[in-house]
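Contents: one structure, followed by commentary.
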Amino acid sequence: MRISTQTLFESGAAQLGELQSGLVRTQQQIASGRRILAPSDDPVASARALEVSQSQSLNAQHGVNRQYAKSALSEMEGTLSSVTELMQDVKTTIITAGNGTLSDTERGYLATELGARRDALLGLANSRDGMGNYMFSGFQTATPAFSKDASGAVTYDGDAGQRLIQVDATRRMAATAPGSTVFQGGGEDVFVTLSNLIALLQTPGTAGLTAGLATANASMDQALDNVLTVRVSAGSRLQELDALDFAGDDRHIQYSQVLSDLQDLDYNEALTRLSQQQFTLEAAQRSFMAVSGLSLFNFL
């Protein structure tokens, strides 16, 4: 079988091209630190790496969502802490008002003080969060939760919605509580209780005072218990978010390790391979140059 000089040349050039391509690919792997430069390098590992990367991105987004939820719950808990202190002050005032030596004028002073506390409570109920949204308005975040008319009656203007945040793959968490639950929950409207108490202290004489104060005190206890229940719920959710953060961090480490196993380059193996490829290419080049320089005249 006769092989032409052109065929020998083309075959040798093709072989050199393959060797050079392999060498360049190894150099690119070393430069990038990645074993897989294109999906075709390892289709199975590439598909698996894509799945893991997507899971890692989703896990990171859940982490961001948890920070939003923590911020919202912390702001709400801080506001409710102030509400709790205010309600406790009201209970102290109720006890003071029961002192039989107080005059109608002095009880009137207490009523004025309670009116200021009712306004302060209304301000807390209409608190905004860090984004400027009304905290206790449900989904009506641009609307103040409560409003007061000319007679002093307070009305809830929000809705019963709770803003839910996806804090984990299988967990959606409420980061807010509607004002109707916080300030009017358990069948007890704290604003109505305060208004009735103020009216009682503004009424001259002591007829029905003791019974009225007892009723007001029991209503404030119920309202305070309701607020504390909401605070406990917020605190438990904050603890849950901390636990989910730890779990999310662990998953991030696991995903990173899997991606490293799939994609990262073994530098020792790659450097050894590069040295072998360089040696093979140099030998092939010398061989090609020797063969391509032969002709019939070399044997004459």
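Because only heavy atoms are used, hydrogens play no part in the values below, and waters and symmetry mates are left out as well, while side chains stay in.
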Carefully, step by step, assess M87 and V190 under the rule side-chain contact (heavy atoms from CB on, under 4.5 Å).
CA-CA 9 Å; M87 288 185 173; V190 65; 3.5 Å; yes
How far apart are the C-alpha atoms of D242 and R237, what are their side-chain angles, what is the distance that settles it, and do they pass the salt bridge (Lys or Arg N to Asp or Glu O under 4.0 Å) test?
CA-CA 9 Å; D242 287 337; R237 279 174 278 172; over 6 Å; no
After noting the C-alpha distance and the side-chain angles of D129 and R163, does the key distance pass the side-chain contact (heavy atoms from CB on, under 4.5 Å) rule?
CA-CA 13 Å; D129 60 22; R163 280 167 272 169; 3.6 Å; yes
Between V154 and S147, does the side-chain contact (heavy atoms from CB on, under 4.5 Å) criterion hold? Intermediate values first, please.
CA-CA 6 Å; V154 176; S147 61; over 6 Å; no
Given side-chain contact (heavy atoms from CB on, under 4.5 Å), test V258 with Q254 step by step and report yes or no.
CA-CA 6 Å; V258 172; Q254 293 171 2; 5.6 Å; no
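Proximity of a side-chain donor or acceptor of E51 to a complementary backbone N or O of R48 within less than 3.5 Å is not detected. At least one donor-acceptor pair closer than 3.5 Å links the side chain of T215 to the backbone N or O of A211. No donor-acceptor pair under 3.5 Å is formed between the side chain of T206 and the backbone N or O of L209. When atom types are taken as modelled, the side chain of N126 and the backbone of A145 share a donor-acceptor pair closer than 3.5 angstrom. Looking at T141, its side chain never comes within 3.5 Å of a backbone N or O of S137 through a donor-acceptor pair.
Considering only residues two or more places apart in sequence or on other chains, T101 meets the side chain to side chain contact (heavy atoms under 4.5 Å, CB included) condition with N99. R107 pairs by the salt bridge (charged side-chain N to carboxylate O under 4.0 Å, His left out) definition with D104, not counting sequence neighbours. With sequence neighbours left out, R251 forms a side chain to side chain donor-acceptor pair (under 3.5 Å) with N59, D168. Judged as a side chain to side chain donor-acceptor pair (under 3.5 Å), and not counting sequence neighbours, S82 has no contacts. Taking R231 as the reference, E77, T84 meet the side chain to side chain donor-acceptor pair (under 3.5 Å) condition, with sequence neighbours excluded.
G186 approaches N226 most closely through the heavy-atom pair N-OD1, 4.2 Å. Here the shortest heavy-atom pairing between R66 and G248 reads NH2-CA, 3.9 Å. The heavy-atom pair separating S127 from T79 by the smallest distance is OG-CG2, 3.6 Å. In terms of heavy atoms, P178 sits closest to Q162 at CD-CG, 3.7 Å. When every heavy atom of L244 is checked against every heavy atom of V167, the shortest pair comes out as CD1-CG2, 3.7 Å. Heavy atoms only, all atoms of each residue included: R118 and G152 are closest at NH1-O, 4.0 Å.
Applying the salt bridge (Lys or Arg N to Asp or Glu O under 4.0 Å) test to residues at least two apart or on different chains, the pairs with a partner in residues 89-103 are D89-R117, K91-D221. Residue pairs that meet the side-chain hydrogen bond (donor to acceptor under 3.5 Å, both in side chains) test with at least one member in residues 171-180, sequence neighbours left out, are R171-E240. Residue pairs meeting the salt bridge (Lys or Arg N to Asp or Glu O under 4.0 Å) criterion with at least one member in residues 202-219: none, sequence neighbours excluded. The list of ring pair (Phe, Tyr, Trp, His ring centres under 6.0 Å) pairs with a residue in residues 116-144, not counting sequence neighbours, reads F136-F183. Applying the salt bridge (Lys or Arg N to Asp or Glu O under 4.0 Å) rule to pairs touching residues 136-161 yields D119-K148, sequence neighbours excluded. Pairs of residues two or more places apart, or lying in two chains, never qualify as ring pair (Phe, Tyr, Trp, His ring centres under 6.0 Å) while including a residue from residues 34-86. For residues 149-180, every residue pair satisfying the ring pair (Phe, Tyr, Trp, His ring centres under 6.0 Å) rule, not counting sequence neighbours, is listed here: F146-Y156.
To the nearest 0.5 Å, the span separating CG on L201 from OG1 on T112 amounts to 9.5 Å. Annotation: the span from Q54 atom CD to L50 atom CG amounts to 4.5 Å, rounded to 0.5 Å. Note that CG of N133 is 11.5 Å distant from CD of Q140, once rounded to the nearest 0.5 Å. With values rounded to the nearest 0.5 angstrom, D189 atom CG is found 11.5 Å from Q222 atom CD. For the atom pair S71 OG and L238 CG, the distance stands at 10.0 Å (nearest 0.5 Å). To the nearest 0.5 Å, atom CG of residue L110 and atom OG1 of residue T96 are 6.5 Å apart.
At a threshold of 4.5 Å between side-chain heavy atoms, the hydrophobic network of Ile, Leu, Val, Met, Phe, Trp and Tyr places M173 and V64 in one connected group. Hydrophobic clustering keeps L122 apart from V192 (ILVMFWY residues linked when any side-chain heavy atoms are closer than 4.5 Å, directly or through intermediates). L80 and L228 fall within a single hydrophobic cluster, where Ile, Leu, Val, Met, Phe, Trp and Tyr side chains are chained together by heavy-atom contacts under 4.5 Å. V232 and M76 are members of different hydrophobic clusters when ILVMFWY side chains are connected at heavy-atom separations under 4.5 Å. Each of L58 and Y255 belongs to its own hydrophobic cluster when Ile, Leu, Val, Met, Phe, Trp and Tyr are linked at side-chain heavy-atom distances under 4.5 angstrom.
Counting only heavy atoms from C-beta outward, the side chains of E85 and S81 approach each other to under 4.5 Å. Between Q88 and L224 there is a side-chain heavy-atom pair separated by less than 4.5 Å. Residues Q67 and D245 are in side-chain contact: their nearest non-hydrogen atoms beyond the backbone lie under 4.5 Å apart. Between I253 and Q257, the closest side-chain pair of non-hydrogen atoms is not below 4.5 Å.
At a cut-off of 3.5 Å, with distance as the only test, no side-chain donor of N65 or Q166 sits close to an acceptor on the other residue.
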